[in-house]
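Notes to accompany the following structure.
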Amino acid sequence: MTDTTTRPSAATPGAAPVLRVDGREVAAEPRPGQCLRTFLREQGALGVKKGCDGGDCGACTVHVDGVPVHSCLYPARRAAGHEVTTIGGLAGEDGELHPVQQRFADAQGFQCGFCTAGMIMTAATFDDADRANLPRSLKGNLCRCTGYRAIADAVLGDDACGTDHPAGAAPCDAAHDGWTAAHARGEAGGVAGAPPSSTAFGTSEPAPASRAVVTGQARYTLDVDPDAYSGLLHLRLARSPHAHARVVAVDDTAALAVPGVRAVLTHADAPAARFSTAQHELWTDDPDDTRILDDVVRYVGQRVAAVVADSVAAAEAGVRALRIDYEVLPAVVDPEEAMAPGAPLVHPELDAAAARVSRPEANVVAEVHSELGDVEAGLAEAAVVHEATYRTQRVQNAALETHAAIASFDDDGRLVVRTSTQVPYLARRHLARVLDLPDDRVRVYCARVGGGFGGKQEVLVEDVTALAALRLGRPVQLELTRTDTFVGTTTRHPFRIHVRAGARSDGTLTALHLDVLSNTGAYGNHGPGVMFHGCGESIAVYTCANKKVDAHCVYTHTPPAGAFRGYGLSQMIFAVESAMDELARQLGMDPLELRRRNVVRPGTPMLSTAPEPEEDVLYGSYGLDQCLELTDDALARGRARDVAAYGADPRDPALPWLGEEWGVGEGTAVSMIDTVPPRGHLAHVRARLRADGVVEAEVGTAEFGNGTTTVHAQLVASATGQRAADVVVRQSDTDLVDHDTGAFGSTGTVVAGKASLAAATELAERLRVVASSLTGAPPADCRPVPGGVECAGRLVPLAEVARHADAAGVRLEAEGRWGGTPRSVAFNVHGFRVAVRRGTGEIRILQSVQAADAGEVVNPRQCRGQVEGGIAQALGAALYEDVVVDDAGRVTTDIFRQYHLPTFADVPRSEVYFARTSDTTGPLGAKSMSESPFNPVAPALANAVRAATGVRFTELPLARDRVYLGMKAAAS
């Protein structure tokens, strides 16, 4: 790497070496053993992030004399006498962005942005050789959101392809502008239902926070000035070493003797009320089985006590000094065993009706048993039957910003919690209920959130932090470590799915039976919802006269599972789509053709576990047929490129282009998802014209890389005729609007966005009325345009409209609400071409394609990024990621180094296509597209591996050793 940084001049002989940070001398002395990351943040360099504190993620990257280092590993004292540059010092003194910062802003090379400072600091040192080998050059930097394509574009240049095409191949088929399949086919565009003055909707507007993100000025949960909270205390948690035990005694004498320790909290200090950490609009959707601190622990890693101290170091010392006596109890970690008679009970104390648990005496949290038609008769009439048991593993949400919260008090004594959450309004309701406070005595807000993926649809840190603040009357901060997130938060639910499926000789499905077992861990947060949702759209997408589901969600003495991208569908779709592939292979039929013959179509009832479809789920639009065609066509073009390059069909067993050690295959999979969760999802938005002539929107949804801020700005701009960049969005603060269920279930666009559009449309009408009274032109002749209202040829600036309204006593403010119903359905189809090395089990992805039905695409580049990010995360779950829990209930993969998150080198550049549809239920025809891209990836990959090896792999992840052993077993 080229080092162009000017070295500081030598220190005066005899003088202590001077540490310089971003061009200024720092007088503060690091503490013994302090790492450079924490020291820099104490000096106000808040762009230096913590993602792991183990040198694994790169979020903390800074330059020391021009060389990039992971500051979490670099001793602060070693930096004395050197020039340290952080993201805050990379731009020029005149504010001009560094070229790499500018390219990241131009290419929108980020989503949540938490990793971006580290990415930029690494890339800013690259020479041509580094840029030519990004898989190696970026190996020390992780991104959980983007899928890395946008990062490659930022490093290499916005219109760089980055795909390694065979020599002589046709140009890349990926829609580089992220637009639609219709665009790729050369058809006319246009946005159905958009206001005539709209220029914002359907364009790749940059995120409003772009400059703040690339300069390190974007503020996340703990990015607060050192003196922002007077008397701030720090909290650390003592965690259980046992899978099941009763806390007999907690001796805090030695802990309280540690200098700086202010208090120790145990179950005796916590409310007795039980609740669920899961957050939904209806809190009764989840079982009440959890306490803030409990006298019985039910998994290794459960919090037992909280130590509050003046510093993190003192709190950690206090935790180590605690003496806790346990009565160890029998434990069960296997869900099959948990249901067996005589198994240790996880929650014998629960009353089934009061806690809303199905059968606590059998460790069953929830269950469903349904049959449509006669499955046994359907199997009997089938020409082919597939029966197998599929298993999916635990996967960590792994947002780079760990869970964190600061609880404090405002001047009125109200509890104020700043937190990393997807659901600030539900978190406020939860805290008020559990801590027995009036709702109006609690405020919850979040700054920018560093990723969520469902893991922050929980209350996992806010409750104990608020409890400590209330107890001590001082602000308290809790930041989880990366190990804390692995052992003490939530994961994807592991599923066991036994499938029986039958089809006639023409491919028509005759029967589909699923026997499902979901392991919810020690607590039932999200357990019922994940099970029911997983058993829904996964089979509702297929027309079949005979369907049967038997599903159980079961307690075990293992870390609790929770919400995760796809919410049960990814697990179920892995099994169902693998079964569809096997039926097609037995029939000698193209798997996509079997799907075409059986998928639902407009007018067909979408049935899963009930004899009637959900009454509020509609075909708002239908693009599944296009998605099937687009995926099929793209894979065919990929094959054609290889034929042109190598003179042979890549499916030829001779494989002249790879060698005889490799097998090549193709696989596809289909998924459907309801665009909004059931049982209510609410949003309230205010839009106003400020006195300075700026259009402002207040919304409840949080921004954590889901792009809701940009979408709100575009929708409001579209309705009011403004430029999206000129609209100010204030958000994620319970003081702003009445209520917002939160940003989960892909609702940021289709629920909160619909409320934004409604508020902005009403505001636009009021602007026309006021401008009409000002100019004398009829309201019908007044049209909002960028910066003003055009009335019969005269442009009235918005600031003048605002002054006139104020003088007339007219309030230029409007409100919009949406309740989440009716709902539509979105579709995704994924296709892979892969090569599998027979001697090692290595899988190489030759082509990755996803076609998505997102309705009218609000922001093409942003939506493409959501699809690519979902693909990358799903590839991690399909190939590498596995939260391993041993027989004693301990998580053994508790740092990133032991848990394989996809790196730049692991993620192929996927081709993304959008079907051309316009939804009748979404804002201006848009649909949701955040969760759904994840769902078809694993089965499509497994089906491709099946084609390449002849072996059906029924368990994830498809790790190299598992694939090798599977092929070896099949061969013998």
Side-chain angles (χ1 to χ4, degrees), residues 368 370-387 497 499-514 516 532-549 551 569 572-587 589-629 631-632 668-675 823-829 851 853 915 917 932 935-936 939 943:
V368 59
S370 71
E371 185 168 13
L372 309 180
D374 186 336
V375 163
E376 296 304 326
L379 290 170
E381 73 164 291
V384 293
V385 172
H386 171 67
E387 182 171 0
I497 308 120
V499 179
R500 294 192 300 159
R504 298 191 186 102
S505 59
D506 65 356
T508 303
L509 292 176
T510 62
L512 189 55
H513 179 201
L514 304 176
V516 182
F532 284 113
H533 188 236
C535 295
E537 295 100 291
S538 61
I539 59 174
V541 71
Y542 288 110
T543 299
C544 180
N546 307 297
K547 295 179 180 178
K548 184 178 182 180
V549 174
L569 280 178
M572 295 294 295
I573 289 171
F574 170 62
V576 171
E577 290 300 299
S578 295
M580 295 300 115
D581 194 73
E582 283 298 319
L583 291 176
R585 293 185 184 282
Q586 290 184 52
L587 291 168
M589 181 181 292
D590 182 341
L592 277 180
E593 180 57 30
L594 182 136
R595 294 183 174 94
R596 286 190 184 97
R597 296 184 183 190
N598 290 283
V599 293
V600 293
R601 298 181 182 279
T604 307
M606 294 176 276
L607 301 176
S608 55
T609 60
E612 297 294 330
E614 296 274 355
E615 61 181 4
D616 70 331
V617 178
L618 315 173
Y619 290 101
S621 64
Y622 183 84
L624 179 53
D625 52 351
Q626 295 180 55
C627 291
L628 289 165
E629 175 193 353
T631 303
D632 200 9
T668 54
V670 164
S671 70
M672 179 177 80
I673 191 170
D674 295 343
T675 56
R823 302 178 285 155
S824 186
V825 284
F827 301 96
N828 297 75
V829 178
D853 174 16
T917 66
S932 58
N935 296 330
N943 292 340

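No experiment lies behind these values; they were computed from the predicted model shown.
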How many angstroms lie between [atom1] in [X] and [atom2] in [Y], if you round to the nearest 0.5 Å?
| X | Y | atom1 | atom2 | answer |
| --- | --- | --- | --- | --- |
| Arg601 | Asp625 | CZ | CG | 6.0 Å |
| Glu593 | Asn598 | CD | CG | 9.5 Å |
| Thr917 | Gln626 | OG1 | CD | 7.0 Å |
| Ser608 | Leu372 | OG | CG | 8.0 Å |
| Thr675 | Arg823 | OG1 | CZ | 7.5 Å |
| Cys627 | Met672 | SG | CE | 13.0 Å |

**Report entry** Which residues share a side chain to side chain contact (heavy atoms under 4.5 Å, CB included) with Thr631, sequence neighbours left out
**Finding:**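 With sequence neighbours excluded, Thr631 shows a side chain to side chain contact (heavy atoms under 4.5 Å, CB included) to Leu635, Thr668, Val829, Val849, Ala851, given in chain and number order.
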If you compare all heavy atoms of [X] against all heavy atoms of [Y], which two are closest, and at what distance to 0.1 Å?
| X | Y | value |
| --- | --- | --- |
| Leu379 | Ala501 | CD2-C, 4.0 Å |
| Met606 | Pro613 | O-CB, 3.6 Å |
| Ala511 | Val375 | CB-O, 3.7 Å |
| Leu583 | Ala503 | CD1-CB, 4.2 Å |
| Ser824 | Ser621 | OG-N, 3.8 Å |
| Asp581 | Pro591 | OD1-CG, 3.4 Å |

Report task. Using the side chain to side chain contact (heavy atoms under 4.5 Å, CB included) rule, take Val384 and His386 through it: C-alpha gap first, then chi angles, then the decisive distance, then the call. Result -> CA-CA 7 Å; Val384 293; His386 171 67; over 6 Å; no
Query raised in the report: Does any N or O in the side chain of Arg597 come within less than 3.5 Å of the main-chain N or O of Asp506, such that one atom is a donor and the other an acceptor?
Result: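 Yes.
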Query raised in the report: Do any N or O atoms from the side chain of Thr508 and from the backbone of Arg504 form a donor-acceptor pair under 3.5 angstrom?
Result: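 Looks like no, no N/O pair under 3.5 Å.
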A side-chain contact here means heavy atoms from C-beta on lying under 4.5 Å apart; do [X] and [Y] qualify?
| X | Y | value |
| --- | --- | --- |
| Asn935 | Ile673 | yes |
| Met572 | Ile497 | yes |
| Val600 | Tyr619 | yes |
| Cys535 | Val516 | yes |
| Glu376 | Arg500 | yes |

**Report entry** Residues Val576, Leu514; criterion side chain to side chain contact (heavy atoms under 4.5 Å, CB included); working and verdict
**Finding:** CA-CA 9 Å; Val576 171; Leu514 304 176; 4.2 Å; yes
Report task. Could you walk me through whether Asp853 and Asn828 pass the side chain to side chain contact (heavy atoms under 4.5 Å, CB included) test, one step at a time? Result -> CA-CA 6 Å; Asp853 174 16; Asn828 297 75; over 6 Å; no
Tabulate below the donor-acceptor pairs under 3.5 Å that side-chain atoms of residues 539-549 make, not counting sequence neighbours, or state none.
from: Tyr542; atom 1: OH; to: Glu577; atom 2: OE1; distance (Å): 3.3
from: Tyr542; atom 1: OH; to: Glu577; atom 2: OE2; distance (Å): 2.7
from: Asn546; atom 1: OD1; to: Asp374; atom 2: N; distance (Å): 2.8
from: Asn546; atom 1: ND2; to: Thr510; atom 2: O; distance (Å): 2.7
from: Lys547; atom 1: NZ; to: Ile539; atom 2: O; distance (Å): 2.8
from: Lys547; atom 1: NZ; to: Tyr542; atom 2: O; distance (Å): 2.6
from: Lys547; atom 1: NZ; to: Leu607; atom 2: O; distance (Å): 2.7

Report task. Could you give me the CA-CA distance, side-chain angles and deciding distance for Met580 and Ile573, then say whether side chain to side chain contact (heavy atoms under 4.5 Å, CB included) is met? Result -> CA-CA 10 Å; Met580 295 300 115; Ile573 289 171; over 6 Å; no
Query raised in the report: Would you call Asp632 and Arg596 a salt bridge, using N to O less than 4.0 angstrom?
Result: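 Looking at Asp632 and Arg596, the cut-off is met.
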Requested in this report: Could you tell me which residues satisfy salt bridge (Lys or Arg N to Asp or Glu O under 4.0 Å) with Glu537, sequence neighbours excluded, listed by chain and number?
Outcome: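 Partners of Glu537 under the salt bridge (Lys or Arg N to Asp or Glu O under 4.0 Å) test: none.
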Query raised in the report: What pairs with Glu582 under salt bridge (Lys or Arg N to Asp or Glu O under 4.0 Å), at least two apart in sequence or on another chain?
Result: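 Residues passing salt bridge (Lys or Arg N to Asp or Glu O under 4.0 Å) with Glu582: Arg946, Arg952.
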Query raised in the report: Quick one: ring-ring contact (aromatic ring centres under 6.0 Å, His included) partners of Tyr622, sequence neighbours excluded?
Result: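 Partners of Tyr622 by the ring-ring contact (aromatic ring centres under 6.0 Å, His included) criterion, ordered by chain and then number, come out as Phe827.
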Requested in this report: Only counting residues at least two apart or in another chain, list the ones meeting ring-ring contact (aromatic ring centres under 6.0 Å, His included) with His533.
Outcome: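 So His533 forms a ring-ring contact (aromatic ring centres under 6.0 Å, His included) with Tyr567.
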